[in-house]
Amino acid sequence: MSDSEDDMPLAQRGGGAVPVGALQNNILPLPRALPDPRSAPTLTAMPLPGVRQAAVVAAAKMRPPEKAAKKAVPVAPKPAKRKAADDDGKAGKAKKQRTIEPRSAAKAKPKKEGAVEDKSLKWNLLEHSGVLFPPEYTPHGVKMLYDGRLVDLTPEQEEVATMFAVMKATDYMQKPKFLSNFWAGFREVLGPKHVVKCLDKADFTPIYDWFMAEREKKKTLPKEEKERMKKEKEAAEAKYKFALVDGRKEQVGNFRVEPPGLFRGRGEHPKMGMIKRRIFPRDITINIGEGAPLPEHPYVGQDWREVRHDKTVTWLAFWKDPISEKDYKYVWLAANSQFKSESDLQKYEKARKLKLHIDKIREDYERAWESGRVQERQMGVALYFIDKLALRAGHEKDDDEADTVGCCNLKVENVECLANNHIKFDFLGKDSIRYENEVAVKPRVWELVKQFCRGDKKGDKAAGDQLFDTMDANDLNKRLKELMDGLSVKVFRTYNASIVLDQLLHKESASETVDEKKGDYDRANKEVAILCNHQRAVPKGHSGQMEKLEARLLELQGELDTLSVDYLAAQRAKNSAKAETLWRKVEKKKEQIAKVELNARAKEDLKMVALGTSKINYLDPRITIAWCKAREVPLEKVFNKSLLSKFFWAMDAPPDFRF
DNA sequence: CATTAGACTTGCAGCCATCGAC
DNA sequence: GTCGATGGCTGCAAGTCTAATG
């Protein structure tokens with residue numbers, strides 16, 4: 001369907017990205033492999049395995065959400081307030097759980113049959129070493145130029161100048177916004193009376209050159225020196241790498257505090273170029289078990305901003321994002337932790353649950369197209385797009401963020417009604433990645449979109465106006481909750497990505513070798529990536545590499561020709577021994593050519609497609625694992641080391657697992 | 001009931017170590 | 001053994017979504 005028109009087009013997922021429809025047969029063949037949850041070890045009973053916890057044990061701790069999610073809802077009329085233990089103490093906020101506990105327990109998560117522990121609690125014991133701060137700034141003394149003259153800078157000023165100098169070769173230098181934001185920040189650091197009066201006459205080249213030279217120097221360091229430094233670094237980091245959670249040794253994801261620098265927003269971010277200041281202990285809130293030793297830090301005389309013992313959250317530390325006061329930076333455990341893998345499983349189970357409701361939901365939103373109320377119609381169409389095209393929700397954004405959209409905040413200029421019930425989408429989505437797609441839609445949808453673009457009654461809509469002006473992402477999510485417990489927009493993306501993979505992998509295939517099967521897998525993966533519009537920048541040097549491949553092909557072709565001629569000659573000369581040898585060589589050469597051709601095609605094909613994101617975030621690993629088992633493909637062919645580790649919880653999926 | 005705070009997931013790019021071709 | 005392409009890993013930006021708040 002959509003294989004021919006690669007290249008320019010992007011999310012060109014043709015019309016039928018979601019031909020889901022059937023599959024009722026394999027209704028929830030639940031993760032049979034997971035050990036019976038009822039026999040799960042008690043919370044803290046587990047030993048303290050090293051880094052790698054046994055998958056079985058880990059899996060056992062996670063009940064297959066099936067039974068929990070299913071009927072449990074009406075249960076739990078009993079407020080879960082009993083263990084009001086850890087409360088008191090700490091600062092004002094943090095203490096939300098208690099008051100609202102009954103409510104959330106009653107409606108949302110009535111897990112735990114026997115109710116051994118409160119579901120809102122994520123841990124009982126938590127120990128860790130906090131965060132690792134970046135080194136303090138060491139002045140290099142290299143002077144920048146202003147109007148051709150050397151300029152004296154204080155270490156603080158020099159640090160900021162260096163942040164800028166280092167970015168000399170990036171295309172941020174071409175962005176006026178970046179330059180003006182930087183100048184505003186730099187000017188403040190320079191103070192009012194400084195000789196440097198504007199950016200135009202400032203020349204940071206000396207600092208840039210120094211920086212590049214340093215980098216070179218580091219590269220050419222003797223091997224032993226390099227290794228010594230590496231060892232030192234590792235030793236310094238060692239204690240931060242792990243946390244102790246209820247007796248489990250878990251990897252910490254990001255324990256390094258972000259170093260100061262210039263903010264590199266994506267797309268046309270209004271704040272690009274602003275100075276991201278240094279973060280100190282006084283900025284950081286630590287979350288840790290009550291009895292655990294307080295993490296140390298190198299800043300004498302300074303205290304952590306706050307120390308909490310909040311068992312309802314999974315973060316170890318956070319600070320306010322210095323660029324955007326309303327954002328936070330968190331330190332969490334790594335992807336292979338119990339916290340992360342458990343929610344990963346929940347995510348996929350929720351998506352599988354959607355499968356049971358999807359027919360009804362689709363009927364529902366199609367019916368909404370005929371509603372007398374605009375808002376109904378808009379919700380119906382929005383959900384149709386989300387379901388069909390796997391669009392993101394699209395929440396409202398502030399003016400101090402890049403101007404990007406998702407489904408619910410599409411603007412009228414982002415859609416165009418073409419002939420033949422086609423609609424063309426063209427907008428900047430997350431990370432300012434362009435989504436460009438022409439799709440066939442139901443005639444009624446086409447009509448409605450035309451109508452929404454025009455605006456219903458008074459005042460026609462103009463560019464910049466919301467396509468769905470009577471609803472937003474929150475409204476839609478509220479509606480979804482009525483259709484299925486816990487349902488939200490993003491679940492559709494997970495659902496569609498995973499079900500498409502499941503279906504594609506269950507298509508007939510003549511592939512025999514592992515490489516061929518891997519090809520099947522990658523193609524399926526690619527379909528999903530295209531559906532989700534997971535793009536990447538064309539790798540630099542791509543065209544050069546393609547040319548090389550072309551040249552190589554030509555060369556090989558030449559060799560093949562020569563061999564062929566020789567072979568014919570040998571044959572004519574009745575030299576059968578020689579002919580046979582040559583024949584073999586000809587065959588081999590052909591194979592070689594085919595391989596290079598295949599490689600070239602794949603490379604061209606995937607130059608703009610990123611396969612990784614869907615693998616990491618959208619594709620239920622059990623689909624892949626089951627497929628590997630059934631088709632006898634080593635899992636390592638499709639999952640790298642970190643994926644294998646991240647998905648340890650899914651390893652027992654049976655060969656006949658269906659999403 | 002709308003807005004915001006807070007927590008957690010998703011996403012791309014760039015660096016860097018490794019791997020495979022010569 | 002060298003060299004450059006590949007792909008993994010890290011960094012951190014940018015989404016989503018729910019509960020708390022006023």
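Every heavy atom of this structure was used, including side-chain atoms; hydrogens, water molecules and symmetry mates were not. Residue numbers begin at 1 in each chain, while the letters A, B, ... track the order of the sequences.
In this view, A:L483 and A:I361, A:D364, A:L480 satisfy the side chain to side chain contact (heavy atoms under 4.5 Å, CB included) rule, not counting sequence neighbours. With sequence neighbours excluded, the residues that form a ring-ring contact (aromatic ring centres under 6.0 Å, His included) with A:F385 are A:F425. Every residue meeting the side chain to side chain contact (heavy atoms under 4.5 Å, CB included) condition with A:K241, not counting sequence neighbours, appears here in chain and number order: A:E234, A:E237, A:F255. For A:Q375, the side chain to side chain contact (heavy atoms under 4.5 Å, CB included) partners two or more places apart in sequence, or in a different chain, are A:M379, A:T470, A:M471, A:D475. Scanning for ring-ring contact (aromatic ring centres under 6.0 Å, His included) contacts around A:F339 gives an empty result, with sequence neighbours left out. Under the ring-ring contact (aromatic ring centres under 6.0 Å, His included) criterion, A:W319 pairs with no residue at all, not counting sequence neighbours. Partners of A:W123 according to the ring-ring contact (aromatic ring centres under 6.0 Å, His included) rule, which considers only residues two or more places apart in sequence or in another chain, do not exist here.
Taking atom CG of A:D485 as the reference point, atom P of C:dT18 lies 11 Å away to the nearest angstrom. What separates CG of A:N254 from P of B:dC8 is a distance of 13 Å, to the nearest Å. The distance from atom CG of A:D310 to atom C1' of C:dA20 is 14 Å, rounded to the nearest whole Å. In this entry the distance linking CG of A:L619 with P of B:dT10 reads 11 Å, nearest Å. Between the CE atom of A:M272 and the P atom of C:dA13 there is a distance of 13 Å, rounded to whole Å. As a whole-Å value, the separation of A:D403 CG from C:dA13 P is 20 Å. Taking atom NZ of residue A:K271 and atom C1' of nucleotide C:dA13, one finds them 13 Å apart after rounding to whole Å. Between the CH2 atom of A:W332 and the P atom of B:dT9 there is a distance of 7 Å, given to the nearest Å.
Side-chain rings of A:Y618 and A:H534 approach one another, their centers coming within less than 6.0 Å.
Salt-bridge formation is detected for the pair A:K526/A:D605: a Lys NZ or Arg NE/NH1/NH2 atom is positioned less than 4.0 Å from an Asp or Glu carboxylate oxygen. With salt bridges taken as basic N to acidic carboxylate O contacts below 4.0 Å, one links A:E482 and A:R479.
Within the structure, a side-chain polar atom (N or O) of A:K276 is placed less than 4.0 Å from OP1 or OP2 of C:dA13. Of the side-chain N and O atoms in A:H269, none sit less than 4.0 angstrom from OP1 or OP2 of C:dA13. For the pair A:R256 and C:dT10, the criterion of a side-chain N or O lying under 4.0 Å from OP1 or OP2 is not met. Within the structure, every side-chain polar atom (N or O) of A:Y330 is placed at least 4.0 Å from both OP1 and OP2 of B:dT9. Contact annotation: A:T314 side-chain N/O to B:dA7 OP1/OP2 distance is not under 4.0 Å.
The side chain of A:A537 approaches B:dA13 more closely than any other nucleotide in the set B:dT9, B:dC8, B:dA13. Out of B:dC12, B:dC8, B:dA13, the shortest distance to the side chain of A:K122 is found at B:dC8.
Formation of a donor-acceptor pair under 3.5 Å by the A:R277 side chain with backbone atoms of A:I323 is not found in this model.
Residue A:G612 is out of contact with every strand shown, counting any heavy-atom pair closer than 4.0 Å. A:I323 comes within 4.0 angstrom of no nucleic acid atom, judged by non-hydrogen atoms across all strands. If you check every strand for non-hydrogen atoms under 4.0 Å, A:P134 touches nothing.
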Would you list the protein and nucleotides 15-17 of chain C atom pairs, both N or O, that sit under 3.5 Å from each other?
residue : atom : partner : partner atom : Å
C:dG15  : OP1  : A:T404  : OG1          : 3.0
C:dG15  : OP1  : A:D431  : N            : 3.1
C:dG15  : OP2  : A:K397  : NZ           : 2.3
C:dT16  : OP1  : A:A393  : N            : 3.3
C:dT16  : OP1  : A:G394  : N            : 2.7
C:dT16  : OP2  : A:H395  : N            : 3.3
C:dT16  : OP2  : A:H395  : ND1          : 3.2
C:dC17  : OP1  : A:S488  : OG           : 3.0
C:dC17  : OP1  : A:V489  : N            : 3.1
C:dC17  : OP1  : A:K490  : N            : 2.5
C:dC17  : OP2  : A:N477  : ND2          : 3.1

What pairs of nitrogen or oxygen atoms, one from the protein and one from nucleotides 4-9 of chain C, lie under 3.5 Å apart?
residue : atom : partner : partner atom : Å
C:dA5   : OP1  : A:K548  : NZ           : 2.9
C:dT6   : OP1  : A:K603  : NZ           : 2.9
C:dT6   : OP2  : A:Q545  : OE1          : 3.0
C:dT6   : OP2  : A:K603  : NZ           : 3.1
C:dG8   : O5'  : A:N640  : ND2          : 3.3
C:dC9   : OP2  : A:S642  : OG           : 2.4

Side-chain donor-acceptor pairs of residues 400-408 of chain A under 3.5 Å, sequence neighbours excluded:
residue : atom : partner : partner atom : Å
A:E401  : OE1  : A:D398  : N            : 2.7
A:D403  : OD1  : A:K411  : NZ           : 3.1
A:D403  : OD2  : A:K411  : NZ           : 3.1
A:T404  : OG1  : A:K397  : NZ           : 2.9

Check: residues 258-267 of chain A side-chain donor-acceptor pairs under 3.5 Å, at least two apart:
residue : atom : partner : partner atom : Å
A:E258  : OE1  : A:K276  : NZ           : 2.9
A:E258  : OE2  : A:K329  : NZ           : 3.4
A:R266  : NE   : A:D431  : OD1          : 3.4

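Each of A:K646 and A:W315 lies near DNA chain B, and the nucleotide nearest A:W315 is the one positioned closer to the 5' end.
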Protein heavy-atom contacts under 4.0 Å, written 5' to 3' over nucleotides 14-22 of chain B as B (base), S (sugar-phosphate only) or - (none), form the string -S------S
